[in-house]
Amino acid sequence: MRLTDEEKSILDGQQGEAARVALSVLVDLGDLFGAEELMPVSQVHIDATLYMVDAGLEFGEKMVDWGGKVAVPTSLNPSAIDLQRWEALRVPPEILSKHKRLEAAYLNLRATPTWTCAPYQHGIVPRFGEQIAWGESNAIAFANSIIGARTNRYADLMDICAAIIGKVPKFGLHLAENRKADMLIELRDFDGSMFADNSIYPLLGYLFGEMAGDRIAALTGIPQNVKIESLKGFCAAAASSGAVGLCHLVGITPEAQTLEMCLGGRKPQQVLGITPAEVKEAEERLRTVKNNAVDLVVTGCPHYSTAEFVRLVNLLKNKKVHDSVVFWVFTNRTVYAWIKNNGMLTELVDQGVMVFTDGCPLQYPRERWQFNAAMSDSVKFANYCFSQSGLGAVYASIEDCVETAVRGKICRKESPWNKK
Ligand code: F3S
């Protein structure tokens with residue numbers, strides 16, 4: 001790669017060891033992908049925030065020891081646990097210290113303690129066309145596809161290096177010519193009533209991700225009036241079933257106001273369709289619960305927004321969570337403060353809901369939680385839950401999640417696409 005004099009001086013160690021190591025990693029990444037130079041990014045979202053193994057923790061701490069500080073505004077993905085209410089989340093104290101060390105390392109690097117996987121809703125939000133470096137698959141897909149910011153799918157630790165340098169190699173989705181669709185996926189035989197049920201969107205995202213894999217595909221047929229929370233669910237699901245970094249939702253994605261616009265004047269190399277029958281089949285595939293004995297209802301994957309809390313409070317009005325069910329919601333600290341302030345939190349707690357911040361419900365300490373099965377309004381959660389934790393899960397609309405939590409057994413209304 002061509003390097004500037006300043007970049008060469010960083011590689012010579014003239015700006016400290018943290019910068020030298022971070023830049024050498026980024027240069028290797030650029031060489032691997034054939035980038036010719038580095039380019040500045042205005043912000044970074046670090047995904048390497050879940051304590052998993054000591055190597056990740058030690059990398060962060062080494063950067064601190066070497067005097068590293070972030071060069072650009074940098075937000076943080078969730079910790080594995082609620083860093084403040086970890087006892088209520090049944091986190092064993094013996095695993096707490098490493099999460100706390102990781103937290104200390106990031107605060108020392110001067111990252112912003114957002115601890116959220118929906119930084120596009122409450123965080124350091126980019127604008128259209130902004131060059132950024134984000135980790136966390138759902139956030140990357142949302143930033144590229146819904147906002148039109150530009151980021152590759154940055155892996156853990158690369159994100160820390162990008163934050164310390166404030167630059168990334170110029171390749172992939174940072175370049176306009178690599179953002180065109182070469183594949184078309186059409187929604188076929190759907191009628192308008194099916195989209196009135198918001199739970200269709202994550203299922204469509206799941207199917208889209210399976211079909212697209214790591215390709216850039218355009219999707220036609222999504223109604224213009226789709227809510228932002230539905231797009232969030234779509235992107236999270238698509239990035240969990242496929243390596244989706246950018247999807248062109250025609251009429252919604254800024255770079256895909258028309259199909260022609262995102263195809264860049266070319267014909268799609270492949271055209272596929274999604275039908276209501278496939279949505280129904282996807283819903284069935286996502287069910288790994290063996291019977292009706294759900295004892296955990298979990299929402300907030302990705303972290304719940306204030307609008308999602310309003311909907312939840314309305315659905316739970318004059319109801320209480322059944323004694324046999326634990327109802328958990330995950331959100332960020334900003335939304336938590338708002339719902340605490342306006343009384344919604346007290347209302348939810350009185351109804352038997354527990355609200356957590358910072359953490360991720362997929363970090364399942366099996367020996368402490370010991371649930372039988374989970375229900376969630378998140379396809380991403382339902383997709384990963386069994387394979388990652390051994391806990392059976394079922395996807396459902398938030399309406400059905402609430403009904404199930406209140407009655408203490410699985411309640412599912414027939415979805416409009418089920419009737420087809
Ligand atoms: Fe967020 Fe964890 Fe879901 S990081 S998107 S809550 S899997």
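We're numbering straight along the sequence, starting at 1. Order of appearance sets the numbers: ligands from 1, and atoms from 1 within every ligand.
Taking 2.8 Å as the limit, the number of protein N, O or S atoms around atom 2 (Fe) of ligand 1 is 1.
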Decide side chain to side chain contact (heavy atoms under 4.5 Å, CB included) for Asn152 and Val168; before the verdict, give the C-alpha distance in whole Å, the side-chain angles of both, and the deciding distance to 0.1 Å. CA-CA 10 Å; Asn152 285 317; Val168 292; over 6 Å; no

Which atom pairs, donor and acceptor, lie under 3.5 Å between side-chain atoms of residues 106-127 and protein residues at least two apart or in another chain?
{"from": "Tyr106", "atom 1": "OH", "to": "Ala48", "atom 2": "O", "distance (Å)": "2.5"}
{"from": "Asn108", "atom 1": "ND2", "to": "Ala104", "atom 2": "O", "distance (Å)": "3.2"}
{"from": "Thr112", "atom 1": "OG1", "to": "Thr74", "atom 2": "O", "distance (Å)": "3.4"}
{"from": "Thr114", "atom 1": "OG1", "to": "Leu76", "atom 2": "N", "distance (Å)": "2.8"}
{"from": "Thr114", "atom 1": "OG1", "to": "Leu76", "atom 2": "O", "distance (Å)": "2.9"}
{"from": "Thr116", "atom 1": "OG1", "to": "Ala118", "atom 2": "N", "distance (Å)": "3.2"}
{"from": "Thr116", "atom 1": "OG1", "to": "His303", "atom 2": "ND1", "distance (Å)": "3.0"}
{"from": "Tyr120", "atom 1": "OH", "to": "Asn138", "atom 2": "OD1", "distance (Å)": "2.6"}
{"from": "Gln121", "atom 1": "OE1", "to": "Lys232", "atom 2": "NZ", "distance (Å)": "2.8"}
{"from": "Gln121", "atom 1": "NE2", "to": "Glu229", "atom 2": "OE2", "distance (Å)": "3.3"}
{"from": "His122", "atom 1": "ND1", "to": "Asn332", "atom 2": "ND2", "distance (Å)": "3.2"}

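What you find for Arg85 and Phe356 is that their closest heavy atoms are O-CE2, 3.9 Å.
Among residues at least two apart or in separate chains, salt bridge (charged side-chain N to carboxylate O under 4.0 Å, His left out) pairs with a member in residues 330-354 are Arg333-Asp358. For residues 371-399, the set of pairs meeting the salt bridge (charged side-chain N to carboxylate O under 4.0 Å, His left out) definition, not counting sequence neighbours, comprises Glu136-Lys380.
Under the 4.5 Å side-chain criterion, counting only non-hydrogen atoms from C-beta, Leu272 is not in contact with Glu186.
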